[in-house]
Amino acid sequence: MPPKSRRSDLISNQLKEEGNTELLNRDYHKAITLYTKALYLEENPICYSNRAQAYLYNNELELALQDCNRALQLNPNYVKATTNKAQVLYEMGYLQQAIECLQGINNHSPESQILLNQYQSQSLKTLLDQGELERQKTLLEWLKQGKAQFPKIKIECYSESYRGVNAKQKINAKELILFIPKSHMITLEMAKETPVAKKMIQFRLDLLSPKHSFLSTFLLQEKSRPNSFWKPYLDILPQSYPSFPIFFNNYDLDWLQGSPSLKQINDKLSDLKKDYNDICNVAPEFSQYSFYEFCWARMTASSRIFGINIKGVKTDAFVPLADMLNHKRPKLTSWCYSEEKQGFIIETDEKIDRGQMIFDSYGRKCNSRFLLNYGFVVDDNDANEVNVTVAAEFNDPLIQLKEEATEEQLKQPKTFRLIMDTDETTVMEFMSYIRFLVIKDQTQLQLLLNGIVSKYIKPTKIQPLGIHNELDMWDLIRRICYVALSRYPTTLEQDKEILQICDLTTNQRNCLILRMGEKEILKFYYQFSEKMKQLLSNFNQQEINIFCSKEENCKYLNYVNKVIMFQNQNDQ
């Protein structure tokens, strides 16, 4: 090293600052080069510590550890270098040494204290379940033996029941982060080859969820085989699903009181029971597995399988490790089956920083579906929906004529999915159906029937018939929403307060978020009906102009413009 001079000191400091800039910009190669040049001019603990950080982020752990040790030789009380060393030790798999390293700090920085708390918490969790780490290790070794590739990702446990996949180092956009060969995927075709599955096919069972049932029977049969090839994967699967509603106790279900999702849960259990009984009837040997075990397997299938295309054939498959990516929108990754690579691949859609959780998207779904099939809900979910039922009044004098015209039992309740958008097909069908139900004038009904081309009219395809009919439609919608809201034991406002002040379990919070989303939609349409009652009762251009000029009414304008258009057509 050359003798130190004022000029070399200035250059060294400049190089260090440039290195800091590149470190902040996440260009770790440049940062390492600049710090190395600075250290050639002057040994400095800060440069060693910062270069260690760059090495750490670049996954060059041995070099990072060397730099941390050199920085601490020059300054034994350097908190930042000690913190960096603890992080390096943690990444190398030495959790206890990382804790001991941080415990040696006398005056903690906020960063070092947070890190110590985090590592101690993880150490306690690890002591509680060493088996989890062994299962992870076994799974990853099994995948590597099959030539799977996942060099930049790792499994991370965030709590006893919450795992995910993290980036071990910086990942570029459009980079392949996971490859699972076909040999290590459980496909639907494979599941259909078991003796039980062949009987299911032979007797042509009318299963309510065929693909899930085939894959579920495969899981249970392989799970009972001690030497199953799939054991490393089966052992890593959750042993229970307490956050899935079909496994809720009565206390948890009470939090869904008044919600239509309770019917969905009961319907799901009935469907599962039917499929289970049907399978046991044609394959009595399957009855060795309990209904509870069958439910476990079916929930595993519904929450973990991927729909893929192999040689032009659509199929479904369990894909180990890929199924550990958690949900988030917008997604960070894209996946498919690669014919070229003969396996399942995941690529990044954008750059992912080291330590960042890697997400997949399970699609745009309402919270009732997320909870039922995945055991979680999404806060502020813009895809929420609520089921409502509607039926014709028994004393409707035109009911016979209407039923003959539609060939439908209109007095039987019909269910529609409401979302907060009147332009969505399901909402338009709901409004159309009600338009037809509330027709009171036989002449108007006859005109409508005379205008159809086909033999029967479709009540879900009725366009606005006039202002009075629209008023009646909104009056019925208001009543439907009022009755639906009154079924809940709490109001939306009370739910918001409960969310803020109460210490809730995961299941309670999920139920609360779910029912709040339903109430928001019902409240939206209740307020919508009130607004339309005011506007349509005095429907003229002046009132329309006043209504449309108010910013608070912008969410109603698409519908209002549609009514104006149809009204103008009727007036011509």
Side-chain angles (χ1 to χ4, degrees), residues 55-65 88-95 122 126 129-158 162-172 174-187 190-191 215 218-219 222-223 225-239 300 304-306 308 310 316-326 332-348 352 354-360:
Y55 277 135
L56 169 64
Y57 291 156
N58 215 38
N59 208 38
E60 298 179 77
L61 302 181
E62 293 291 346
L63 293 174
L65 185 60
V88 173
L89 289 168
Y90 172 79
E91 291 298 330
M92 295 174 83
Y94 303 125
L95 176 61
Q122 188 164 338
T126 301
D129 192 7
Q130 273 291 341
E132 166 67 18
L133 293 180
E134 286 300 318
R135 288 189 291 272
Q136 288 183 25
K137 182 181 177 183
T138 302
L139 172 74
L140 299 180
E141 287 176 351
W142 174 71
L143 290 173
K144 286 177 181 176
Q145 287 169 8
K147 308 300 181 186
Q149 299 169 20
F150 42 93
K152 292 188 177 182
I153 64 175
K154 64 177 181 177
I155 302 170
E156 190 75 48
C157 284
Y158 302 98
Y162 186 48
R163 287 184 297 211
V165 173
N166 270 28
K168 287 200 295 188
Q169 59 191 95
K170 184 178 75 173
I171 303 172
N172 296 318
K174 305 302 178 186
E175 186 172 350
L176 182 91
I177 60 168
L178 178 64
F179 165 70
I180 302 294
K182 187 181 177 183
S183 61
H184 285 58
M185 296 163 50
I186 300 173
T187 64
M190 186 187 303
L215 287 162
F218 182 90
L219 283 187
E222 288 298 315
K223 214 170 185 294
R225 294 178 54 215
N227 299 320
S228 170
F229 171 76
W230 304 101
K231 183 173 171 56
Y233 175 61
L234 297 171
D235 286 349
I236 203 74
L237 292 172
Q239 298 305 299
T300 301
R304 306 184 89 86
I305 61 172
F306 292 84
I308 55 177
I310 301 179
D316 296 271
F318 288 108
V319 186
L321 190 55
D323 58 8
M324 289 191 185
L325 270 67
N326 291 313
L332 298 179
T333 57
S334 295
W335 50 262
C336 68
Y337 183 84
S338 169
E339 295 290 353
E340 179 187 354
K341 290 183 173 292
Q342 288 293 291
F344 185 92
I345 62 171
I346 298 182
E347 294 181 345
T348 53
I352 297 176
R354 176 186 173 277
Q356 186 177 344
M357 194 192 298
I358 304 171
F359 292 98
D360 178 28

Any donor and acceptor pair, going by atom type alone, linking the side chain of S338 with main-chain N or O of F344 inside 3.5 Å? no
Can you tell me how far the CD atom of Q169 sits from the CD1 atom of I171, to the nearest 0.5 Å? 7.5 Å
Test side-chain contact (heavy atoms from CB on, under 4.5 Å) applied to L178 and V319, step by step: CA-CA 11 Å; L178 178 64; V319 186; 5.5 Å; no
Residue pair L61 / L65, side-chain heavy-atom distance below 4.5 Å: no
Can you give me the closest heavy-atom contact between A167 and I358, atom names plus distance? N-CD1, 3.9 Å
Check A148 against F150 and note the closest heavy-atom contact, atom names and distance. CB-CE2, 4.0 Å
Can you pull the salt bridge (Lys or Arg N to Asp or Glu O under 4.0 Å) pairs that have at least one residue in residues 139-153, sequence neighbours excluded? K152-E175
Taking all non-hydrogen atoms of both residues into account, name the closest pair between L139 and P320 and its distance. CD1-CB, 4.3 Å
What distance do I310 atom CD1 and Q342 atom CD have between them, rounded to the nearest 0.5 Å? 8.5 Å
Measure the CZ-CG distance between F179 and L321 for me, rounded to the nearest 0.5 Å. 13.0 Å
Could you go through Y337 and T187, starting from their C-alpha distance and side-chain angles, then the distance that decides it, and tell me whether this counts as side-chain contact (heavy atoms from CB on, under 4.5 Å)? CA-CA 12 Å; Y337 183 84; T187 64; over 6 Å; no
Side-chain contact, heavy-atom cut-off 4.5 Å: W335 with I345? no
Here the side chain to side chain donor-acceptor pair (under 3.5 Å) pairs for residues 225-238, sequence neighbours left out, are E222-R225, E222-S228, K231-D235, Y233-D323
Apply the test side-chain contact (heavy atoms from CB on, under 4.5 Å) to residues L325 and F359: give CA-CA distance (whole Å), side-chain angles for both, the deciding distance (0.1 Å), then the verdict. CA-CA 5 Å; L325 270 67; F359 292 98; over 6 Å; no
Nearest non-hydrogen partners of Q149 and P151, listed with the distance: C-CD, 3.8 Å
Side chain to side chain donor-acceptor pair (under 3.5 Å): pairs with one or both residues in residues 176-186, sequence neighbours excluded: none
Closest non-hydrogen contact found for T300 with F318 is O-CE2, 3.7 Å
Would a distance-only check, ignoring hydrogens and angles, find a side-chain to backbone donor-acceptor pair under 3.5 Å from N166 to G355? yes
Rounded distance [0.5 Å steps], CG in L332 versus CG in N326: 11.5 Å
Specify the closest pair of heavy atoms between K168 and N59, including all atoms of both residues, with the distance to one decimal. O-OD1, 4.3 Å
Does I155 reach the side chain of L140, with side-chain heavy atoms less than 4.5 Å apart? yes
Do the charged groups of E134 and K137 touch, with an N to O distance under 4.0 Å? no
Rounding to 0.5 Å, atoms CG (D316) and CG (L215) come to a distance of 6.5 Å
N/O donor-acceptor pair under 3.5 Å between E62 side chain and E60 backbone: no
side-chain contact (heavy atoms from CB on, under 4.5 Å) between M324 and Q136, intermediate numbers included: CA-CA 12 Å; M324 289 191 185; Q136 288 183 25; 5.9 Å; no
T348 side chain to N172 backbone, donor-acceptor under 3.5 Å: yes
Measure the CD1-CG distance between I186 and L234 for me, rounded to the nearest 0.5 Å. 6.0 Å
